[in-house]
Amino acid sequence: MNQGKVDVLLGLQWGDEGKGKVVDVLTPHYDVVARFQGGPNAGHTLEFNGEKYVLRSIPSGIFQGGKVNIIGNGVVLAPDLFMEEAKALEASGHPLRERLHISKKAHLIMPTHRVLDAAYEAQKGKNKVGTTGKGIGPTYTDKVSRTGLRVGDILENFPEKYAAAKERHLNIIKSIMGNLDEEQRFALNDQLTHLHIVEKKWLEGVEYLRQFPIVDSEHEINQILRSGKSVLCEGAQGTMLDVDFGSYPFVTSSNTICAGACTGLGIGPNKIGEVFGIMKAYCTRVGAGPFPTELFDETGKKIRDLGHEYGAVTGRERRCGWIDLVALRYSIMVNGVTQLIMMKSDVLDGFDTIKACTSYKVNGVETRDFPYNIEEGIEPVYVELPGWKTDMTKFTCECQFPKAFSDYIAFLEKELETPITIISIGPDREQTIVRNGK
Ligand code: GDP
Ligand code: IMO
Ligand code: MG
């Protein structure tokens, strides 16, 4: 933790690295926790005291000691889903009204953004991204096209602004429909038929939003920093899903990288302290798009079963594969990662051997650098390491690590030229080992 600084915690792979768990673990060291991008496409899971929570728009610092949590301007917010999430938390004994602050500049995901999301996906046919269907792409598109609605808009002339935006969306949907087949049109028409029901709940959500402090979060966060307090920023998705540096076009629509914390909260780059990069001891991806180290065999299935690799938002199977050090080196570079956090090593506890991809053969030529296009002609080159064959899930100190596991960590640190300071050995808050001397 750095006083007067912002530490950023973000995913280095294709999301679902375990960001929620670690933000919760680190929150006691900070004064404020803030989300800076993404929206309810995120599903951040936390487990403690035998309870399990999945957060989508609310930062994962909400469970620790009454800290202020901020939803920043870079986030896209769906009032209906937000209401559902917040009410469930309050019902389970976690009040948040006063301490969850929402930026006026965060953009609103409208019900018609979700229909548009489905329409664009249908239009892409076999090239579809496999989005979460939460309207993320169309909402960010409106933001960049300078036609979006923001949280601050609910404070003035909202019905007019909403009606105009909805009308515009319906016209686009109508024009897309003309290019779709009958089955796709039927599915979209079904969504449109039920739109009034979704809309009713959405407008209730807008009213509900008014009960929270709606703030100029860039002023608030800079004031917090000026007073010497510390902030932890929680990333969503992962670097390989970043709109600039990820596996484009199979990405999300925001900057998931460290720089996204500057634009998504209104802080200067000189305010960034530590950059925590999170990775799994292996790799997963949900949705379509290239994944060089993907396993299609029994080993991939074994990782999925042992790691319970099913999407927290959509329940979809996550594709599983070996750790990809080429992609990780790239992620570490574009984020300026200062510390690595390794998650889910327990999933590999029973494996005889473990593979790590150290370079790619790109059309037969070996490289350690991440190429422009990873869709075709990529052959991962693996190193095979001995497994540790030890149940580590109840360990409390790195002094208990078997030698093969310590060797694995040392190997990764050397390959990635970055220290691994935290190791997660199970989903629970307690199953976290902070390495001494790091
Ligand atoms: P996030 O989106 O990055 O917050 O990650 P998700 O919550 O979508 O996915 C991570 C999943 O792994 C969740 O089900 C967590 O409860 C679980 N998890 C986190 N850390 C560990 C770990 O060290 N070991 C195991 N077995 N599960 C973990
Ligand atoms: P967290 O924060 C994993 C993926 C989707 C799809 C692509 C674009 O839990 O790590 P979108 O709905 O954003 O337009 O979908 O990005 N995706 C995620 N994959 N974890 C996430 O979030 C994701 N959020 C989006 O599956 O491939
Ligand atoms: Mg997730």
Side-chain angles (χ1 to χ4, degrees), residues 6-30 32-48 52-64 67 69-72 74-75 85 132 136 231-242 246 252 254-261 264-265 272 274-286 307-313 318 327-328 331-332 334-335 337-345 347 420-429 431-432 434:
V6 169
D7 290 349
V8 183
L9 183 146
L10 41 79
L12 298 180
Q13 296 162 322
W14 276 281
D16 302 327
E17 296 88 350
K19 299 173 289 292
K21 169 182 164 165
V22 182
V23 168
D24 171 65
V25 168
L26 293 179
T27 295
H29 302 291
Y30 293 87
V32 171
V33 177
R35 274 275 303 268
F36 57 92
Q37 48 68 234
N41 48 348
H44 295 181
T45 316
L46 292 80
E47 290 190 34
F48 55 89
K52 178 171 169 172
Y53 297 92
V54 179
L55 299 176
R56 298 157 109 188
S57 300
I58 296 173
S60 302
I62 209 74
F63 297 106
Q64 298 267 25
K67 301 281 167 79
N69 281 242
I70 297 177
I71 296 180
V75 172
E85 185 179 338
T132 58
I136 305 297
V231 177
L232 178 63
C233 297
E234 173 179 5
Q237 291 78 56
T239 304
M240 288 291 126
L241 290 169
D242 180 271
T252 191
S254 63
N255 277 120
T256 62
I257 58 165
C258 182
L265 288 166
I272 305 279
E274 295 295 324
V275 182
F276 298 107
I278 300 211
M279 61 194 190
K280 285 178 188 172
Y282 48 94
C283 193
T284 63
R285 165 161 213 174
V286 58
H308 305 291
E309 295 295 355
Y310 296 90
V313 173
R318 292 182 186 144
L328 281 170
S331 295
I332 290 168
V334 297
N335 286 299
V337 170
T338 59
Q339 302 186 36
L340 288 167
I341 299 176
M342 184 167 77
M343 312 299 289
K344 302 190 90 159
S345 54
V347 172
I420 301 177
T421 54
I422 298 176
I423 290 175
S424 173
I425 48 169
D428 195 89
R429 195 187 261 174
Q431 292 173 295
T432 313
V434 179

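Keep in mind the model is a prediction, meaning the values are calculated, not measured.
Minimum interatomic distance between G20 and L46 (heavy atoms only, all atoms of both residues): O-CG, 3.8 Å. Nearest heavy atoms, I341 versus F276: CD1-CB, 3.9 Å. Of all heavy-atom pairs between L265 and C233, the closest is CD1-SG, 3.4 Å. Of all heavy-atom pairs between L12 and M240, the closest is O-CG, 4.1 Å. Pairing each heavy atom of I71 with each of P59, the nearest pair is CG1-CD, 4.0 Å. Counting all heavy atoms, side chain and backbone alike, C258 lies closest to V275 at SG-CG2, 3.9 Å.
Qualifying salt bridge (charged side-chain N to carboxylate O under 4.0 Å, His left out) partners for E309, counting only residues two or more places apart in sequence or in other chains: K280, R318, K344. Remark: S57 engages no residue in a side chain to side chain donor-acceptor pair (under 3.5 Å) (not counting sequence neighbours). Under the side-chain contact (heavy atoms from CB on, under 4.5 Å) criterion, V23 pairs with L9, T27, V33, S60, L232, E234, sequence neighbours left out. Considering only residues two or more places apart in sequence or on other chains, T45 meets the side chain to side chain donor-acceptor pair (under 3.5 Å) condition with none of them. Remark: D242 pairs with no residue by the salt bridge (charged side-chain N to carboxylate O under 4.0 Å, His left out) rule, at least two apart or across chains. For E85, the side chain to side chain donor-acceptor pair (under 3.5 Å) test picks out no residue, with sequence neighbours left out. With sequence neighbours excluded, the residues that form a ring-ring contact (aromatic ring centres under 6.0 Å, His included) with F48 are Y53, F63. For the side-chain contact (heavy atoms from CB on, under 4.5 Å) test, residues two or more places apart in sequence or in another chain that qualify with S424 are K21, M343.
Looking at L26 and I422, their side chains come closer than 4.5 Å, going by heavy atoms from C-beta outward. Proximity of V8 to I272: side-chain heavy atoms (C-beta onward) are separated by under 4.5 Å at one or more points.
Distance check: R285 CZ to L241 CG gives 6.0 Å after rounding to the nearest 0.5 Å. Separation of atoms OG1 (T338) and CD (E274) is listed at 3.5 Å; rounding is to 0.5 Å. Rounding to the nearest 0.5 Å gives a distance of 4.5 Å between OG1 of T252 and CG of N41. Atom CD of E47 and atom CG of D428 lie 6.5 Å apart (nearest 0.5 Å).
With hydrogens and angles left out, the side-chain atoms of Q237 and Q37 include a donor and acceptor closer than 3.5 Å. For the residue pair T284 / D16, no side-chain donor-acceptor distance below 3.5 Å is found, with atom types taken as modelled.
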Exercise. Should S331 and Q13 be marked as a side chain to side chain contact (heavy atoms under 4.5 Å, CB included) after you check the CA-CA gap, both sets of side-chain angles, and the distance that decides it?
Worked result: CA-CA 8 Å; S331 295; Q13 296 162 322; over 6 Å; no
Problem set entry | side chain to side chain contact (heavy atoms under 4.5 Å, CB included) between V286 and T132, worked out | CA-CA 9 Å; V286 58; T132 58; over 6 Å; no
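Side-chain atoms of R35 do not come within 3.5 Å of backbone N or O of N69 as any donor-acceptor pair.
Residue Q339 forms a side chain to side chain contact (heavy atoms under 4.5 Å, CB included) with just one option from T421, I420, I278, and that option is T421.
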